[in-house]
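Written below as structure tokens is the structure these notes are about.
Note that the numbering runs from 1 along the sequence shown for the chain. Bear in mind the structure is a predicted one, so any value in this text is a computation, not a measurement.
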Amino acid sequence: MRKWAWVIVTFVVILIVGGYAFSRHQSIEKQYHLEMENAAAAIKDKNYTAAENYFQSALTRRNSDPTATHRLKQTKTFVNGMDQLENHHFSASKRAFQQVYTIHNGSEVLNDRAHQQIKEIEVVQKNVTKYNKTLDYARELNQAQSFELSNEQLDTLFNTKEFKKGYYTSIWKAARALQKSNKTGLAQTVIPDVADNRSSSQSNAAASESSTNGTSQAAGNGSVSSLPKPNLSSSEQQAANNYSGSNEFTVTKKDTELNGKVISQDQITKARQELGNRAGQFSDQDVRNLIKEAGQKGISVTDAANNQ
């Protein structure tokens, strides 16, 4: 009788221990699956820190579980890519997102997002190259003292909607600084006719004293006296200042260069001095065209103007 009692007791103990172990296993499995589901939901909500915590908790339920291990690594890699992108390290960010694909049994949501980020980075990288090229050309024009043309190049950047995105902050700041430099340069630019006007006004008094005799003498000699500067109203003067010449069109880089070098403001000023009283008939771009024609044909700027 005692022998059977021990057998029964032993059997009961085995059942209790086995039942407890099975129950604990079931509880651990339930917790594991719950942590993995919570991690997936956190990824969907873009709460990557929470997702990492859930994956780490799942690994306490299943030590070295490959699925939790891989998805934890994948999440960390994706977050690294986002950090690199935020710091405008585009190449490093792209490499990180490409690594997301290589992780076995990863999250499809992260794979899709990594793909979208790579596409966006490729667009940004192309834009960075394009915007820097425009900025470099605007700098060349600034150094050649062609401040208005430099600003025209900068305007193409500022009028581009994409350029306002945070990816291009450093280029945007550099463009604003160059725009400020152009503004300063324009304010300091001396209009070529100013010096002539000053000397002309100083000699007007002397010229008027002998105007009668001078007129008859000039007629006798067959020469033509120069006409005085017109007395313009403020609105007329503003319109004259805004005059852009008869050949106004969209200016390209080629239009501003002679033999591959930007035509400087000094060259334009010298050409205007050579043109004399006719200088006011031409815009800066008209003068550039005369300089280009003169250089190509081996003639003077005046001769080029006479050919117009």
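- Between Phe78 and Tyr48, the angle of the ring planes lies from 30° to 60°, which puts this pair in the tilted group.
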Margin query: For a side chain to side chain donor-acceptor pair (under 3.5 Å) check, start with the C-alpha distance between Ser57 and Glu35, then their side-chain angles and the critical distance, and finish with the verdict.
Written below: CA-CA 7 Å; Ser57 182; Glu35 300 289 4; 2.8 Å; yes
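- Linking Ile, Leu, Val, Met, Phe, Trp and Tyr residues whenever their side-chain heavy atoms come within less than 4.5 Å places Tyr131 and Phe158 in a single cluster.
- To the nearest 0.5 Å, the span separating CD on Glu257 from NZ on Lys261 amounts to 11.0 Å.
- Judged by distance alone, with hydrogens and angles left aside, the side-chain atoms of Asn142 form no donor-acceptor pair with the main-chain N or O of Ala138 at under 3.5 Å.
- Salt-bridge check for Lys133 with Asp136: failed, with every basic side-chain N at 4.0 Å or more from each acidic carboxylate O.
- Note: Thr129 OG1 to Gln125 CD = 7.5 Å, rounded to the nearest 0.5 Å.
- Atom CG of Leu154 and atom CZ of Arg176 lie 9.0 Å apart (nearest 0.5 Å).
- Inter-residue side-chain proximity for Gln265 and Phe147 is flagged as unmet; no heavy-atom pair is nearer than 4.5 Å.
- A single hydrophobic cluster is not seen to contain both Leu149 and Leu135; linkage of ILVMFWY side chains at heavy-atom distances under 4.5 Å, directly or through other members, places them apart.
- For Asn289 and Gln285, the side-chain atoms include at least one donor-acceptor pair closer than 3.5 Å.
- A distance of 8.0 Å separates CD of Gln74 from CZ of Phe55, quoted to the nearest 0.5 Å.
- Side-chain contact check for Tyr101 and Asn111: no donor-acceptor pair (N or O, by modelled atom type) lies under 3.5 Å.
- Side chain of Asn132 to backbone of Val128: a donor-acceptor contact under 3.5 angstrom is found.
- One distance of note links CG of Leu157 with NZ of Lys164; it measures 10.0 Å at 0.5 Å rounding.
- Between the side chains of Tyr168 and Glu162, a donor-acceptor pair is found at a separation under 3.5 Å.
- Rounded to the nearest 0.5 Å, atoms NZ (Lys44) and CZ (Arg113) are 9.5 Å apart.
- By the 6.0 Å contact criterion, NZ on Lys292 is enclosed, its count of non-hydrogen atoms from other residues, nucleotides or ligands being greater than 12.
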